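Quick caveat, the model's predicted, so the values are computed rather than measured. Below, read A as the first sequence line, B as the second, and so on, with proteins coming before strands; counting in each chain starts at 1.
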There are 2 protein chains.
Amino acid sequence: MHNYPEPSILVAIDCIIFGFDGKDIKLLLIKRNFEPEKGKWSLMGGFLDKEEGLSEGASRILYNLTGLKDIYVEQLETFGCVVRDPVQRTVSVVFFALIQIEDHDTEAVKSHNASWISLECRPRLIFDHEEMVRLAIEHLKYKAALHPIGFELLPERFTIPQLQKLYEAIYNIPIDRRNFSRKLLSTGLLIDTGQKNNNGATKKATLYRLDSIRYKEKFHSFWNFMPDSMKQA
Amino acid sequence: MHNYPEPSILVAIDCIIFGFDGKDIKLLLIKRNFEPEKGKWSLMGGFLDKEEGLSEGASRILYNLTGLKDIYVEQLETFGCVVRDPVQRTVSVVFFALIQIEDHDTEAVKSHNASWISLECRPRLIFDHEEMVRLAIEHLKYKAALHPIGFELLPERFTIPQLQKLYEAIYNIPIDRRNFSRKLLSTGLLIDTGQKNNNGATKKATLYRLDSIRYKEKFHSFWNFMPDSMKQA
DNA sequence: CCAAAAGTGTTAGACATACACCCATGT
DNA sequence: ACATGGGTGTATGTCTAACACTTTTGG
């Protein structure tokens, strides 16, 4: 009973990669040019290497696809239904990544046949990847309400209206500009860079950057950017 | 690259089981009477069966040890360090369970050489089980602040002071009786059973039970039982 | 009758919301 | 000049924290 059995189950990693283009939350998905399920859409994934840990594996896969290191990655959940992969019993550890969409290596993405797809128009995904994505979206909503992870989706220097648009995209609700701004500045996490952005068609907005030290200290403090009306959902 | 490799990694399950005895939060741990690490303390675990999913596996292991079904179980995180098990590369999916300590099957627990150990006096655990427990405690604190999972650790009928002692044990802080009681009753989740408890040495407290229907509906609403002073930590 | 624990009430302050208003910029 | 979007101010109501007081029970 307590002996070690022969390994018979594969261990895989799948990555859910969120980005924000200033308007919509997008997912980095691949159109598979390999078997199984060739031609269909799926998350980026791979099998766990014998000589790597789970987070190393996730970093490797994310690096291969995006060319990025040091991005925000969290382990989300492990999926292990007996029938989830019809070819071979596989347990998949799902990771959740947030990246700044401008920074990614477009060549690497192209070579993997991947594209940024907005959440609403995403195609049907293979296996249980659809369920993984649903869980990740829930997690994003849940976590962004309490922790300042929203910053991970924006460039280093960003404006408050940008951040607001991000939160509006996550929760799909309008947020009051003035209250949002005040709530945000009161955290003391934003540093005024003194610069203004120039892409806006009207008044230039102040560019802030994150106070990384305080950000790490305060990460576990419970924020609440959701209006109370959403708390019921 | 995209071929299926030979399985070479084992998939295991470990369970962190919390209980509450009215005073302290306790963990159900086993003193191993089998190899490896015979004689040392560890979490209850086992290998994933070829024909079961992850949550089925966790339920099986929990049932074997406690004789209980339908208990509160959540998948916590998967541990996959290359060196975590010295005998054989093993990835372990850790589950988090809350049980009513009075309900468990004492025979089954004894036969597995298991005991309820309070968090403070727990022995050193094997492998990375120590880290798993630390994560689970964090998760308990985090989750209990927002969701009413505290109820899962109490008997079906319980008093508000009991629940308060539970929260005080989780966060290791004193809580104001009056504010706690009002906050709790205002949720509408408690049903007055009309009964009073009799074990108290002084005034008898009202026994409540959970409104299960509302409980399920409201589960995802964000509660906050932690006083604001704790929000910084 | 007293001690100890349960239950109820009250008040001041903090916070969030919902607004109105002013400022800067490109056309 | 004016439309568009960014930034600041303020009042109102709700919620919380910090209190005092009463009630019930066992010894």
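Aromatic ring centroids of Phe18(A) and Phe96(A) lie under 6.0 Å apart.
Between Glu77(B) and His139(B), the side chains place no donor N or O within less than 3.5 Å of an acceptor N or O (distance only, hydrogens not considered). Checking Lys31(B) against Ser115(B) by side-chain atom types alone, no donor-acceptor pair falls below 3.5 Å. Residues Ser42(B) and Arg32(B) bring a donor and an acceptor atom of their side chains to less than 3.5 Å of each other. With no hydrogens or angles considered, a side-chain donor-acceptor pair links Asp14(B) and Ser92(B) at under 3.5 Å.
Rounded to a whole Å, the CD1 atom of Ile173(A) is 15 Å from the P atom of dA16(C). Atom P of nucleotide dT8(D) and atom CZ of Phe180(A) are separated by 15 Å, given to the nearest angstrom. Between the CD atom of Gln164(A) and the P atom of dG6(D) there is a distance of 8 Å, given to the nearest Å. Taking atom CG of residue Asn197(A) and atom P of nucleotide dA24(C), one finds them 16 Å apart after rounding to whole Å. The distance between atom CD1 of Ile175(B) and atom P of dA5(C), rounded to the nearest whole Å, is 17 Å.
Look at Lys183(B) and you won't find any side-chain N or O under 4.0 angstrom from OP1 or OP2 of dC15(D).
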Show the distances under 3.5 angstrom between N or O atoms of the protein and N or O atoms of nucleotides 7-10 of chain C.
| from | atom 1 | to | atom 2 | distance (Å) |
| --- | --- | --- | --- | --- |
| dG7(C) | OP1 | Thr206(B) | N | 2.7 |
| dG7(C) | OP1 | Thr206(B) | OG1 | 2.8 |
| dG7(C) | N7 | Arg177(B) | NH1 | 2.6 |
| dG7(C) | O6 | Arg177(B) | NH1 | 3.2 |
| dG7(C) | O6 | Arg177(B) | NH2 | 3.0 |
| dT10(C) | O4 | Arg182(B) | NH2 | 3.3 |

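Sorted by first then second residue, the salt bridge (charged side-chain N to carboxylate O under 4.0 Å, His left out) pairs that include residues 176-193 of chain B, not counting sequence neighbours, are Asp176(B)-Arg178(B).
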